[in-house]
Amino acid sequence: MNKALQLKDFDPEVYQAIQKETERQNQKLELIASENFVSVQVLQAMGQVMTNKYAEGYPAKRYYGGCEFVDIAEDLARERAKKLFNADYANVQPHSGSQANMAAYFSYIKYGDKVMGMDLSHGGHLTHGSPVNFSGRFFNMIHYGVDKSGYIDMNQVEKIVLKERPKLIITGASAYSREIDYKAFREIADKVNAKLMSDIAHPAGLIAAGLIKSPLEHCHFVTTTTHKTLRGPRGGMILIGKDGENDLGIKTPKGRTKLFSEIVDSNVFPGFQGGPLMHVIAAKAVAFKEALQDDFVEYSRQVIKNAKALAKALQDRNYNIVSGGTDTHLMLVDLRNHGLTGKESEKALEQAGITVNKNMVPFDDQSPFVTSGIRVGTPALTTRGMKEEEMTQIAEMIDRVLLDINNDSVKTKVKNQVIELCDRFPLYKM
Ligand code: DSN
């Protein structure tokens, strides 16, 4: 190990890749709905010596010595998360949203149980029962979706639940732009004594800011990622609104009925994970502190205003937005009336400096690799300081590229416009 050398001198290849990625983030319009730009403080909290520390267990109950300082970071993260979401309990150790879901599911249900989640092709998530994911392989999955209007069909949900009697109902989505009626879901779940969970990975920041409904009071447990609208480091988290003794008959070795939080804790570690990523947990604590500030509410409010403005500007240019608009940070653009696929549109926009992802739309006739839509979101550009006026300009740029999708000179012109716009809203120093 050469202690004197800087990264750029020791490993110029990796250093250059990081520089290029910084330049890409600075100079392109980031519209991927699940991405955001963390603060320099969050970056600093991730790039530090806590990455060296093994801390299996939980604060004050570790399997390794020397944990007194990482304990401070994890306690801060847990306390701030509880405050942010008005929750009795938070586990900040899941490495990702998928890990959070896996540990949480198995806290409440068993291998082979019947579980109901939103169909991936209607906006759900891979871990909500896709056959290619652990969730679809380990559980007997059934699905609900949206109706022709693009809204979740609560009548369909109720009918399926009463007929199939799932043990667990999953709410939450990764490509659904409307608020979810958690209260109605809970009423339906209670009819068959099912547990109700929500995966709020996408709207977590908007919920923390109090701008859209929170599922915490209605769901038995909630999972999330920390890096989307919440604008923290890449990672996962499990929350319980109201903790209490479990009704699953699970006891401690001494015969005491375990709290739900104790079951979840032991499922995260040692159930599904080993050592927590303490540098990431420190960065989660910093991000939660940021999210507790008043300016985070303002930021989140602007995320929603920007999404509404972008949806409207696209509609004005004859683009169909699934469900006719958005209540949140994202929208799904159905490109079928333009005769375009998501795949070719994503590629053309990328060439023009606009980053989106292709996405299935409800009742899509294209495969998941081609798709008929793109998903667009505003959390990242709002972090840069862009507002409604810029959203209108961006809709115009998207339209120029898509209307003349094979015209390279249009893409070059739009790319230059993108760089000009990005330069007016600086991001990271190089
Ligand atoms: N891959 C994330 C998204 O883009 O929504 C969800 O895990």
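In listed order, ligands and their atoms are each counted from 1.
Between His338 and Tyr319, the two ring planes are parallel [angle under 30°; tilted spans 30° to 60°].
Distance from atom 6 (C) of ligand 1 to its nearest protein heavy atom, with residue and atom name: His125 NE2, 3.3 Å.
Under the 4.0 angstrom criterion, atom 1 (N) of ligand 1 counts as lacking any protein heavy-atom contact.
Arg231 forms a cation-pi arrangement with Tyr299, by the criterion of a distance under 6.0 Å to the ring centre and an angle within 45° of the ring axis. Within the cation-pi definition used here (under 6.0 Å to the ring centroid, within 45° of the axis), Lys167 does not qualify as a partner of Tyr108.
Residue-ligand proximity, Ser34 to ligand 1, at heavy-atom distances under 4.0 Å covers atoms 3 (C), 4 (O), 5 (O). Counting the atoms of ligand 1 from 1 in the order shown, those under 4.0 Å from a heavy atom of Ser174 are 5 (O).
Ion pairing of Arg62 with Asp71 is present here, as a side-chain N (NZ or NE/NH1/NH2) and a carboxylate O approach within less than 4.0 Å.
Residues Leu277 and Thr51 are not in side-chain contact: their nearest non-hydrogen atoms beyond the backbone lie 4.5 Å or more apart.
Among Glu35, His202, Lys228, the residue whose heavy atom sits closest to atom 5 (O) of ligand 1 is His202.
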